[in-house]
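Numbering of ligands and ligand atoms starts at 1, following listing order.
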Amino acid sequence: MPLRHFLTLLDFSKTELVALMRRASELKKMQHEKIDHAIFKNHVLAMIFEKSSTRTRVAFESAMTHLGGHALFLSPRDTQLGRGEPIEDTARVLSSMADIIMIRTFSHDMVERFAKCSRVPVINALTDSTHPCQLLADVQTYQEHRGSIQGKRVAWIGDGNNMCHAYIHAAMQFDFHLNIAAPEGYEPDADLLAKAGSYVSFTHDPAEAMRQVDLVSTDVWASMGQEEEQAKRELSFAPYQVTGELMRLANPDAVFMHCLPAHRGEEVSGEVIDGPQSVVWDQAENRLHSQKALLEFLLTQHKIKD
Ligand code: CP
Ligand code: NVA
């Protein structure tokens, strides 16, 4: 059996993803009932963070502790990666010591190169291209609130960024329709849009994207690494704020999601993110349960291979 990685949602089959979501909800119930599930004693997760994180880091560290293993936080500032040690060499060394590796970085190519030289599963914990772990939590959350996401309509309002790309992958894998509204110059990757075909519709008009949708999601206007573009982006993105007025164009039982961290008064109004349709806190908590399900899946696959 070939070594499995999770670099995008397309690395898993539709059946595997559906099963993973079911497992995430089971693990959540077990966690809430304080059922011991320390099945990966002495297993090590190495976590490389080249960008900041609150949710992803705490979710992976807590998940690994609950599973009976250990998580190592590695930053380029304190490792030889930051002093130019080649990615491939780092991958060979870390994967001879750790059982699974997680990477948050800028270039998606770095994660792919790392995975090629790794002897253990590699997880993409966010690149400039995509953020697949977040979508596991988003789909889990939608399903826990409203049932299966299959056949539903989802609106992505804002930047055609890593999160938008992850939503495009999710539409293809979980079989929902995605309406994207992004400003001119901030559209998602054209090749990915073409690949997604009829799973995705694109418009520059946020109101049009909100029609008959069951889930509305947005993200910051300037992602990590784009801080100096903030002022310029604010001008282009101002009409894309998810306000109460915009939310009223969606289906009445639509839920609102945001991967967080959020900027109230920019991409979303306080009225929406702190309002009754918002499920952002459940969504954040589900990072723990869905990533635990992901670790369990990949560590089990790896054991089978060994
Ligand atoms: N949503 C998300 O990935 O949060 P962090 O950047 O805090 O990990
Ligand atoms: N698009 C954001 C997501 C943060 C979780 C970023 O890349 O900074």
Side-chain angles (χ1 to χ4, degrees), residues 6-9 24 45 47-64 71 73-76 102-111 123-142 156-170 178 180-183 185-189 192 215-230 232-234 236-237 240-242 256-264 266-268 273 278-295:
F6 185 65
L7 307 190
T8 82
L9 284 170
L45 165 69
M47 307 189 298
I48 300 173
F49 278 99
E50 297 198 311
K51 289 177 173 175
S52 304
S53 170
T54 296
R55 281 143 287 269
T56 308
R57 176 179 174 180
V58 176
F60 271 123
E61 278 199 37
S62 302
M64 213 52 203
F73 176 80
L74 304 168
S75 89
M102 182 235 85
I103 307 174
R104 169 169 286 198
T105 190
F106 295 87
S107 137
H108 193 76
D109 176 63
M110 182 275 204
V111 180
I123 297 170
N124 172 6
L126 183 146
T127 62
D128 289 344
S129 299
T130 189
H131 192 7
C133 291
Q134 181 66 51
L135 263 290
L136 297 181
D138 290 21
V139 172
Q140 182 189 351
T141 307
Y142 184 83
W156 175 264
I157 308 294
D159 198 4
N161 63 8
N162 48 6
M163 274 297 301
C164 178
H165 293 159
Y167 263 94
I168 297 174
H169 287 152
L178 181 67
I180 300 170
Y186 298 100
E187 294 89 353
D189 181 75
L192 182 56
L215 161 61
V216 179
S217 189
T218 188
D219 186 14
V220 291
W221 291 343
S223 286
M224 290 182 275
Q226 300 170 335
E227 290 77 6
E228 71 292 349
E229 296 175 27
Q230 177 71 27
K232 178 175 158 246
R233 283 170 170 263
E234 278 175 18
S236 302
F237 282 90
Y240 293 79
Q241 182 181 109
V242 180
F256 172 77
M257 291 194 195
H258 190 308
C259 61
L260 305 177
H263 299 78
R264 289 169 177 77
E266 291 185 25
E267 72 273 7
V268 62
I273 195 167
S278 172
V279 293
V280 298
W281 311 123
D282 290 340
Q283 182 189 2
E285 180 192 328
N286 282 337
R287 296 297 303 281
L288 167 64
H289 310 298
S290 55
Q291 286 170 204
K292 196 187 288 179
L294 178 65
L295 288 169

**Report entry** Exercise: identify the closest heavy-atom pair between Gln140 and Ser290
**Finding:** OE1-CB, 3.5 Å
Query - Donor-acceptor side-chain pairing of Gln283 and Thr141 below 3.5 angstrom - result: no
Ligand-protein N/O pairs under 3.5 Å (ligand 2):
unit_1: ligand 2; atom_1: 1 (N); unit_2: Asn161; atom_2: ND2; d: 3.4
unit_1: ligand 2; atom_1: 1 (N); unit_2: Asn162; atom_2: OD1; d: 2.8
unit_1: ligand 2; atom_1: 1 (N); unit_2: Asp219; atom_2: OD2; d: 2.6
unit_1: ligand 2; atom_1: 1 (N); unit_2: Ser223; atom_2: OG; d: 2.7
unit_1: ligand 2; atom_1: 7 (O); unit_2: Asn162; atom_2: ND2; d: 2.8
unit_1: ligand 2; atom_1: 8 (O); unit_2: Met224; atom_2: N; d: 2.8

Report summary line: Near ligand 1 (heavy atom, under 4.0 angstrom), the protein residues are Ser53, Thr54, Arg55, Thr56, Arg104, His131, Gln134, Cys259, Leu260, Arg287
Report task. Would you please classify the geometry between the Trp221 ring and the Phe237 ring as parallel, tilted or perpendicular, with 30° and 60° separating the classes? Result -> parallel
**Report entry** For the student: nearest non-hydrogen atoms of Phe60 and Met47, plus distance
**Finding:** CB-SD, 3.7 Å
Report summary line: Smallest heavy-atom separation, Ser278 atom then Ile273 atom, equals OG-O, 2.8 Å
Query raised in the report: Between Gly158 and Ala182, what is the shortest heavy-atom contact and its length?
Result: O-CB, 3.0 Å
Query raised in the report: Which pair of non-hydrogen atoms, one from Ile157 and one from Thr218, has the smallest distance, and what is that distance?
Result: O-OG1, 2.6 Å
Report summary line: Tightest non-hydrogen contact, residues Asp219 and Trp156, listed as CB-CH2, 3.4 Å
Query raised in the report: Between Asp138 and Arg287, does at least one N-O distance fall below 4.0 Å, as a salt bridge requires?
Result: no
